[in-house]
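Encoded as structure tokens, the structure appears first; notes follow it.
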Amino acid sequence: MAEETKKVLTYKNRNLFDVLGEDEIKKAYEYADGYRAFLDAGKTEREVVAEAIRQAEAAGFRPIADGDISIENADWYVESDKLKPGDRVYKSVGGKALFLAVIGEVSPRDGANIAGAHVDSPRLDLKQLPLYEDGEMALFKTHYYGGVKKYQWVTLPLALHGIVIRGDGETVEVTIGEDGDEPVFFVSDLLPHLGKDQNKKTLGEAFTGEHLNILIGTRPSGGEKDTDRFKTTVLELLNEKYGIEEEDFLSAELEAVPAGRARDAGFDRSLILAYGHDDRSCVYAELRAILELGTPKKTAVCILTDKEEIGSEGVTGSQSAAFDSFMGWLTGGLCFVARSFERSFCISADVCNAFDPNYPEVSEKNNAAKLNHGVGIMKFTGSGGKSGSSDASAETVARLRRLFAENGVQWQMAELGKVDQGGGGTIAKYMANRNIATIDAGVPVISMHAPWETVSKLDCYMTYKGIAALYGSKD
Ligand code: MN
Ligand code: MN
């Protein structure tokens, strides 16, 4: 009898492979194929936004137009023929952030169901004057972006993605190192034979930011008497291919990212190894959910912002007024936005860390997310005594719990490591600061922020189902 009672009263989170039927597992694997293709199509914030717009337009979304927010239009919900229930609109923020919405049956002034993910990932940015030569080699200086463990970025193939805006105002897109026959680039490391001094340093000190210089060429231009011969060769090749000169680097955004495609991992192909799961696993979940959505009860909003990895600052970050302005568009004026926010609900869709058997000591097992156990919900992030976190209310957790239960979405509680082990943040607090009930939920990741991160296909699929449940919600 005690056993019986225990079964009924005890909470147990199960492995999805023991829960889902073959059909659903197959669906999850098919979903993962689409996700891998999405990862390959976008390895920078700009590329992700461009690919999202491409898919959105194919699914009937149109850019929100100036006419949609005219003064005459302020009471659009009653009178306007511009924005109506079921309309599908988007707004790009400089090609680096994106908001999408499907207008609901009730006015957006009565709130929206919002999911927000970020499109940027840790990487090595080129400095503004990156090109130099040393030891008869040409190199690029870099400045790392986001929280990286620097030692992970040496001796792996890197591709270069980004844009250069030339002096004449022309924008040149650069992608080199992804196709099989294109050259790649790399940062060198010391051979172990000469690592005596390096080995004595701490992991954080042995690799400095100024060590992360990318080797880009060794063939000289001109004769032995010429100067800057190695640098010149690179400039000649870049000029030939892109029509750029050295000064153009000043107005460029060039990012070195791990070269190569997203791959299935494991004998059973249950995992995906790729660059940028943080946070593109949630970006894709949101995107798929909103593109497949019919006319919801409440307006569904998909936020894809930039700059999360460096604090969500700036025009394209989630702290930007660009989002409030977009909501002003939907509600017919900024004066209605506060009212809308108060009646809204937001999932901050971001990854959490999955329990890693190689490093069990950083987690507290009862509260750590596990691979293949579903969407990881984080009531709070932050560090120390929950510092820097918006710490969702019990009511907010309960609402999400009920929504997921009603829609067959399996989820698990997650925390970012055991107490006082470290910490981090997401866009949740910036949404919550707007007076929107907000909670973090997303895909558990192994090796987060490494050049190659790992996620489970079933968890990715569950996150998509979770966001779809939010968008389809009757509340
Ligand atoms: Mn993230
Ligand atoms: Mn991150």
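Here the structure is a predicted model, which means the values were calculated and not measured.
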Pairs where residues 204-262 contributes a residue and the test ring-ring contact (aromatic ring centres under 6.0 Å, His included) is met, not counting sequence neighbours: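 Residue pairs passing ring-ring contact (aromatic ring centres under 6.0 Å, His included), neighbours aside: F140-F249.
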Do the side chains of [X] and [Y] get close enough for a salt bridge, i.e. N-O under 4.0 angstrom?
X	Y	answer
K96	E45	yes
D33	R36	yes
E210	K127	yes
E415	K379	no
E245	R166	no
K457	D459	no
R46	E173	no
E51	K43	no
D120	K307	no

Parallel, tilted or perpendicular: rings of Y35 and H277 (30°, 60°):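 H277 vs Y35 ring planes: tilted.
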Qualifying residue for ring pair (Phe, Tyr, Trp, His ring centres under 6.0 Å) with Y464, from Y31, F38, Y284: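 Testing each of Y31, F38, Y284 against Y464, the sole residue satisfying ring pair (Phe, Tyr, Trp, His ring centres under 6.0 Å) is Y31.
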State whether the side chain of [X] and the backbone N or O of [Y] hold a donor-acceptor pair below 3.5 Å, judged by distance alone.
X	Y	answer
S318	S312	no
K298	R343	yes
D350	H118	no
H449	G147	yes
E453	D278	yes
S473	Y471	no
S251	I165	yes
R123	V257	no

Over all atoms of both residues, closest heavy-atom pair of Y430 and G311: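 Heavy atoms of Y430 and G311 come nearest at OH-O, 3.5 Å.
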Evaluation steps, side-chain hydrogen bond (donor to acceptor under 3.5 Å, both in side chains), between T233 and E236: CA-CA 5 Å; T233 304; E236 281 167 355; 4.8 Å; no
Exercise: do S456 and N372 side chains pair donor with acceptor under 3.5 Å: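 A donor-acceptor contact under 3.5 Å links the two side chains.
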Gap between atom CD1 of I103 and atom OG1 of T299 - 0.5 Å precision: 4.5 Å
